[in-house]
Novice: 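The structure follows.
Below, read A as the first sequence line, B as the second, and so on, with proteins coming before strands; counting in each chain starts at 1. Note that the coordinates shown come from a computational prediction; the quantities given were computed from them, not determined experimentally.
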Amino acid sequence: MTQINVRVDGVTYTDDVEPRTLLVHYLREQLGKVGTVIGCDTSNCGACTVHLDGAAVKSCTVLAVQADGGEVTTIEGLAPNGGLHPVQKAFHEMHGLQCGYCTPGMIMASVDLLKENPDPSDTEVREGIEGNLCRCTGYQNIVRAVQQAAGEMRGAGSVSPAEVDTAAAPHVVGQA
Amino acid sequence: MIPAAFEYARPTSIDEALQAIADGGDDVKVLAGGQSLIPVMRLRLAAPETVVDLGRVAELRGVRDDGDAIVIGAMTTHHDVMTDPLVQQHAPLIAEATETVADRQVRARGTFGGALVHADPAGDLPAVALALDAEFVIAGLQGRRTVPAADFFVDYLTTAVEEGELLVEVRVPKLAGEWGMRYEKFNRVAQAWSIVAVAAVVRREDGHIAEARIGLTNMGTTPLRATAAEAALAGAEATPEAIAAAARSAAEGTSPSSDLNAQADYREHLAQVLTRRAVTAAAGL
Ligand SMILES: Cc1cc2nc3c(=O)[nH]c(=O)nc-3n(C[C@H](O)[C@H](O)[C@H](O)COP(=O)(O)OP(=O)(O)OC[C@H]3O[C@@H](n4cnc5c(N)ncnc54)[C@H](O)[C@@H]3O)c2cc1C
Ligand code: FES
Ligand code: FES
């Protein structure tokens, strides 16, 4: 066992972990942060994305011991007091999800992208989230959601929800 | 899956790291960014007795100016290499190729040195290092040695870094004269490895190509130089026709594999097409 000190979503933890423990397992099983999910065994899907010391990383491809002394933000700590981060809000408003499995990772990768590039083109959004796979949406509304959030975060106001592409998800029309 | 259990060492200097490797038993693995090693350990394709984590060895990180070369520390992340002003000024080819590596999460952790020592035939940086005639500084308990890129890549996933040694840094010579560079990568989907890629470094002089250096990714078990195409380009006119003619010999002397992504003959075809494109762009046409 190795002792680690990490700050996760604003709270400091001191824990003993086996060196082989993956960061994602530490977050989910030891801290109960099950908002971060595991979608693959090959470091491809990005579902497990969290921020480590300010950068998006795949938490299935980091050892918990490597996060010692570091600061982790998960989807659960993105917005304070149960509120929604602009990117979370935009995914909701723009139907940027269907089953929702990829969503925590998509949002964490998008937040990281917007920090570096606050006004991306659609192509830059697609490249920025190329490490995140979605089996449901076809990505169109994810790109729209990221653009909507980018606009809001730049203070440019929001795109009208009428522009949402509901063709990819006909059931959404019924709900609207 | 999770990795098999291992002993964990986290040195803070190169000397401590070398000692930890020496003390680590029969099967020691060095952990850099972990973006190749952790997946392999998770699948239990590797189960080292000891893992020596270089994450805290600050002297292995960063890019510095060393007169006639820039020096890239082995533990500099892909992200930091891509955005480094010295790299962008003197070796934009490295930045261009690194941008095509994986995705932003992997680039935030994965390192320049790790990608080179891993030496995957489909990896993007080995062919770039070869085309730039980079030099590799390797440290062992007995001292340091410098190995030219031409001797660094020995075989499939095998480099000149011996057991008990570390890659410390890579020296990339600054180029004098009018040079252009281009990395052309062919892959089918986002974050995918190269099916074939070509790194071209071209010096122009009076409307001619004075010198061309061409590195090939995934055309054999190691990165290769397209020596026949280089010879055909030396002294050639800098015209699309002359470049296209020379590029036809790009696959000479290579031995690409056939796999799920491509047959060998298709890879040979890609090498020619991508060489034409890369050299054309590098020549400023
Ligand atoms: C989803 C995904 C997609 C990818 N796509 C690409 C791609 O398109 N192109 C590409 O080029 N790469 C790709 N990669 C690999 C990526 O570039 C890795 O960063 C790189 O291969 C390994 O670097 P690392 O720092 O993570 O090394 P690690 O995984 O930590 O180590 C790799 C190997 O090198 C050894 N090693 C590392 N550093 C040293 C050192 N300083 N001295 C001695 N030995 C050392 C380790 O012991 C290990 O055997 C991809 C990876 C993933 C997960
Ligand atoms: S679970 Fe981490 S990349 Fe898929
Ligand atoms: S919404 Fe189902 S995987 Fe993306």
Novice: Please determine, among A:V62, A:I129, A:N132, A:V65, the option with the most heavy-atom pairs under 4.5 Å with chain B.
Specialist: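 Most heavy-atom pairs within the cutoff with chain B belong to A:V65.
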Novice: Against chain A, work out which of B:L37, B:V40, B:V189, B:L31 has the most heavy-atom pairs shorter than 4.5 Å and name it.
Specialist: B:L31
Novice: Counting neighbours of CD on B:E163 that are heavy atoms of other residues, nucleotides or ligands and sit closer than 6.0 Å, is the number greater than 12?
Specialist: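 Atom CD in B:E163 is not packed in, count stays at 12 or less.
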Novice: I'd like to know whether OH of B:Y156 has more than 12 heavy-atom contacts from other residues, nucleotides or ligands below 6.0 angstrom.
Specialist: no
Novice: Report yes if some heavy atom in the side chain of A:R20 is under 4.5 Å from a heavy atom in the side chain of B:V51; otherwise report no.
Specialist: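 Side-chain contact under 4.5 Å: no.
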Novice: Determine whether B:M1 and A:L22 make a side-chain contact, defined as any pair of heavy atoms from C-beta on separated by less than 4.5 Å.
Specialist: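 With C-beta onward as the side chain, the pair stays apart.
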Novice: Answer with side chain, backbone, both or neither: which region of A:L133 has an atom nearer than 4.5 Å to a non-hydrogen atom of chain B?
Specialist: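 Side chain of A:L133 only, per the 4.5 Å heavy-atom cut-off to chain B.
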Novice: Given a strict heavy-atom distance threshold of 4.5 Å, which part of B:L43 is in contact with chain A: side chain, backbone, both, or neither?
Specialist: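 Only the side chain of B:L43 comes within 4.5 Å of chain A.
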Novice: Hydrogens and angles aside, do B:R42 and A:T42 bring a side-chain donor and acceptor to less than 3.5 Å of each other?
Specialist: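 No, because no side-chain N or O of B:R42 sits under 3.5 Å from a partner of the opposite role on A:T42.
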Novice: Quick check: under 4.5 Å, non-hydrogen atoms only, which of residues 102-124 of chain B neighbour chain A?
Specialist: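 The stretch touches chain A at B:A102, B:D103, B:R104, B:Q105, B:V106, B:R107, B:A108, B:R109.
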Novice: Measuring heavy-atom distances to chain B, does A:T49 have an atom under 4.5 Å in its side chain, in its backbone, in both, or in neither?
Specialist: side chain
Novice: With heavy-atom distances below 4.5 Å as the criterion, would you say the side chains of A:T21 and B:I2 are in contact?
Specialist: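 No, too far: nothing below the 4.5 Å cut-off.
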Novice: If contact means a heavy atom pair closer than 4.5 Å, which residues of residues 75-91 of chain A contact chain B?
Specialist: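 No residue falls under the 4.5 Å cut-off.
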Novice: Under a 4.5 Å heavy-atom cut-off, does chain B meet the side chain of A:L63, its backbone, both or neither?
Specialist: both
Novice: Is it the backbone or the side chain of A:E18 that comes under 4.5 Å from a heavy atom of chain B, or both, or neither?
Specialist: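 The side chain, not the backbone.
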Novice: Measuring only between side-chain heavy atoms, which start at C-beta, is B:D53 closer than 4.5 Å to A:P19?
Specialist: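 Not touching, per the 4.5 Å side-chain cut-off.
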Novice: Is any side-chain heavy atom of B:R10 less than 4.5 Å from a side-chain heavy atom of A:T2?
Specialist: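 When only atoms from C-beta onward are counted, A:T2 and B:R10 do not touch, as no gap falls below 4.5 Å.
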Novice: Does any backbone or side-chain atom of A:E116 lie under 4.5 Å from a heavy atom of chain B? Answer side chain, backbone, both or neither.
Specialist: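 The side chain, not the backbone.
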Novice: Side chain, backbone, both or neither: which part of A:A55 has an atom under 4.5 Å from a heavy atom of chain B?
Specialist: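 Contact with chain B: side chain only.
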